[in-house]
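Single-structure report; data block below.
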Amino acid sequence: MSHPTSELRAEHDVLLHRLSSRASTLHFAVASIALFASLILAGTAGKLWWDFGEKHQEWTMLVGAVALGGLVFSSVRYLAGRRELTQELEGFARLTSLRRELKLDDSAVPTP
């Protein structure tokens, strides 16, 4: 039979490795860049419409559609980041409780 401390330590190490990547930050970064690019494209579409109106309507619609697509992509990545962040926070809470159980942060206990 395995020792419960070794099982807790193995779970700790797996959680620590999984949480070290912080995947939510990548989702949030991509979402913010996509949002910024979408706003620039939406401004470009507005400027095309303002300057040319009916003359270049197809370009205005194309740029506007790309801006809308970028906004949808940004929203999807933001929601994925929120979902990932929720999982990371739950994992971090479990990691903290494991560290407390294993007494890894206790300065009175010598480290192995």
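- Linking ILVMFWY side-chain heavy atoms closer than 4.5 Å, directly or via other members, places Leu41 and Phe52 in a single hydrophobic cluster.
- Of all heavy-atom pairs between Val63 and Leu48, the closest is CG2-CD1, 4.1 Å.
- In plain terms, the two heavy atoms of Val30 and Phe73 that are nearest each other are CG1-CE2, 3.7 Å.
- Closest of all the heavy-atom pairs between Glu88 and Ser24 is OE1-OG, 2.7 Å.
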Q.
Assess the residue pair Met61 and Glu58 against the criterion (side chain to side chain contact (heavy atoms under 4.5 Å, CB included)); give the C-alpha distance rounded to whole Å, side-chain angles, the decisive distance to 0.1 Å, and a yes or no.
A. CA-CA 5 Å; Met61 297 301 277; Glu58 63 277 353; 5.8 Å; no
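- A distance of 10.0 Å separates CD1 in Ile33 from CZ in Arg77, rounded to the nearest 0.5 Å.
- The OH atom of Tyr78 sits 12.5 Å away from atom CZ of Arg83, with the distance rounded to the nearest 0.5 Å.
- Within 6.0 Å of CZ in Arg94 there are more than 12 heavy atoms belonging to other residues, nucleotides or ligands.
- With Ser21 contributing its side chain and His17 its backbone, the two residues share no donor-acceptor pair below 3.5 Å.
- If you take CZ on Arg18 and CG on Leu95, they are separated by 9.5 Å, rounding to the nearest 0.5 Å.
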(Q) The test is side chain to side chain contact (heavy atoms under 4.5 Å, CB included); show your working for Glu11 and Leu98 and say whether it passes. (A) CA-CA 8 Å; Glu11 183 183 357; Leu98 283 172; 3.7 Å; yes
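- Residues meeting the salt bridge (Lys or Arg N to Asp or Glu O under 4.0 Å) test with Arg100, sequence neighbours left out: none.
- Between Ser74 atom OG and Phe28 atom CZ the span is 11.0 Å, to the nearest 0.5 Å.
- The minimum heavy-atom distance linking Ser32 with Ala29 is given by the pair OG-O, 2.8 Å.
- In this structure, CG on Asp51 lies 9.5 Å from OG1 on Thr60, to the nearest 0.5 angstrom.
- To the nearest 0.5 Å, the span separating CH2 on Trp49 from OG1 on Thr44 amounts to 15.5 Å.
- Using a 4.5 Å cut-off between side-chain heavy atoms of Ile, Leu, Val, Met, Phe, Trp and Tyr, with links allowed through other members, Leu79 and Leu68 fall into different hydrophobic clusters.
- When all heavy atoms are compared, the tightest approach of Gly70 to Ser38 is C-OG, 2.9 Å.
- The shortest side-chain heavy-atom distance between His27 and Leu85 does not fall under the 4.5 Å cut-off.
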